[in-house]
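A, B, ... follow the sequence lines: proteins, then strands. Residue 1 opens every chain.
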Number of protein chains: 2
Amino acid sequence: MKPAERETGAAILAAAAELFAERGYAGTTTRALAERAGVNEVTVFRRFKNKQGVLAALAVAVNDASAGQAVAAAPDPEDTEATLRALARQEVRQTVEFGAMALRLALDARSDAEVAAVVGIGPQQTFSGLVAYLDERQHAGDLRADVDPRVMAEAFFAMTSSFVFSRQVLADATRYELSIDEASGPLFELFWNGVTAAVVPRGGDGS
Amino acid sequence: MKPAERETGAAILAAAAELFAERGYAGTTTRALAERAGVNEVTVFRRFKNKQGVLAALAVAVNDASAGQAVAAAPDPEDTEATLRALARQEVRQTVEFGAMALRLALDARSDAEVAAVVGIGPQQTFSGLVAYLDERQHAGDLRADVDPRVMAEAFFAMTSSFVFSRQVLADATRYELSIDEASGPLFELFWNGVTAAVVPRGGDGS
DNA sequence: CGTGCGTGCAAGTGCTTGCTTGCATTATGA
DNA sequence: TCATAATGCAAGCAAGCACTTGCACGCACG
């Protein structure tokens, strides 16, 4: 076999991950994909048959990559704070690594059946799983009980995804340089304080 | 003049807002735009010259629509909680109304010069403005001082945008039905509690 | 009554897209 | 040494894209 044989496929997938994140699925042309991968456009089709084939292969690769970390995330389910903190770190890591791409593809999936067929199973499971866990820890008394666990889960994912979110939406000029560790610690504390705070009686619910 | 004359432009802009939100700028074809607006494709070009012209007109319309509310938002800058709560409500409202479109267009703007030329000024100003305000209220002693105001601002926007964010990213099956008012109150409290909590000494910062 | 003006319809233009085909090149392994 | 397989290159195809042109229609206002 030619020396490049194994690298070729990986180079194409790497280029696809970059371009899907930057321009979305529909916005990524197979020509641009081949160019960034440093291969001929025909090679892309010979290796993956379709543009959709590239997406499918990429989804498999990403899935495999994150499957390894997922298990080691929960040290002790009884320790709510440690569990959530670990989950937050894992989510942030994953979000930083694949988040830009995941965000764009998730958006594309809503209007592009081709994308929806391949992506779209992951995030929902994570969300419902977290809702279930938060609900359980509420009944255990670790979390304030007066907030809907779905709202909590929403806040949790908003926190972890705010990295990729604000970094994608805000322009470069506005972005600031805080490392993952510098920002994820305080960010989790904001969430944790909010979620464990005693109920403060307020007049009129903010309407 | 014909009776439809004024409605025609508005219908096209409304259709554009929907389609840009669903499929993004590049993913929206002028044919689909005309069809949803219930007009002929040629009419789109006659009224707005370009596809980009539609985007520009839409940006102006959205800008005008949100300009009116923006002023009335801040009742008393000295009252930090009331100000942030009002800002949160306004942001959530705006996010729900235009957020899906804004999210997609902001994403498109990062790879599409055509979009970037038209969109892209709004969100950054809001962000830096909030950072400045949070910084000021920190020095006034209303907010905990041990969290970077930029992190706070990120958490704030993550909170308000989590509506549109999770509703776009998560599939329909996972979405739950909580109204804006049902969710935005608790969500703000989570943020507020996190942001005003006393510093809890912890061993080892979460690394 | 007639002149505009906003609109619809049909057709078409040039460009880009995903994807294909045929052929030459090169390195590997038997 | 020779067959095989992975790649590059040049060319092209059908479809879809933004956008244009020419013509017919009808409502409004003078």
> Please determine if a side-chain N or O atom of A/N40 lies less than 4.0 Å away from the OP1 or OP2 oxygen of D/dT7.
no
> Using whole Å, what does the distance between atom C1' of nucleotide C/dG6 and atom CD of B/E7 come to?
13 Å
> Do the non-hydrogen side-chain atoms of A/T29 and A/E41 ever get within less than 4.5 Å of each other?
no
> Specify the closest pair of heavy atoms between A/P149 and A/V131, including all atoms of both residues, with the distance to one decimal.
CB-O, 4.1 Å
> Calculate, to the nearest 0.5 Å, the distance between atoms CG and CG belonging to A/L105 and A/D112 respectively.
10.0 Å
> Could you tell me whether a side-chain N or O of A/Q52 sits under 3.5 Å from a main-chain N or O of A/E114, the two making a donor and an acceptor?
yes
> How bent is the helix from C/dC1-D/dG30 to C/dA30-D/dT1, measuring the angle between the end axes built from five pairs each, rounded to 10°?
10°
> Under 3.5 Å between N/O atoms: give me all the protein pairs with nucleotides 14-21 of chain D, atom names plus distance.
from: D/dA18; atom 1: OP1; to: B/T28; atom 2: O; distance (Å): 3.2
from: D/dA18; atom 1: OP1; to: B/T30; atom 2: N; distance (Å): 3.4
from: D/dA18; atom 1: OP1; to: B/K51; atom 2: NZ; distance (Å): 3.3
from: D/dA18; atom 1: OP2; to: B/T30; atom 2: N; distance (Å): 2.9
from: D/dA18; atom 1: OP2; to: B/T30; atom 2: OG1; distance (Å): 3.0
from: D/dC19; atom 1: OP1; to: B/N50; atom 2: OD1; distance (Å): 3.4
from: D/dC19; atom 1: OP2; to: B/K51; atom 2: N; distance (Å): 2.8

> Given 3.5 Å as the limit, does a donor-acceptor pair link the side chain of A/T43 with the main chain of A/V39, or not?
no
> Within 45° of the six-membered ring axis of B/F45 and under 6.0 Å from that ring's centre, is NZ or CZ of B/K51 located there?
no
> Using whole Å, what does the distance between atom C1' of nucleotide C/dT20 and atom CZ of A/R47 come to?
19 Å
> Does the side chain of A/T8 get closer than 4.0 angstrom to OP1 or OP2 of D/dT7 through an N or O atom?
yes
> Do the charged groups of A/D108 and B/R104 touch, with an N to O distance under 4.0 Å?
yes
> Would you confirm whether B/T28, through its side chain, and B/R23, through its main-chain N or O, come within 3.5 Å as a donor-acceptor pair?
no
> Under 4.0 Å between a side-chain N or O of B/T43 and OP1 or OP2 of C/dG8?
yes
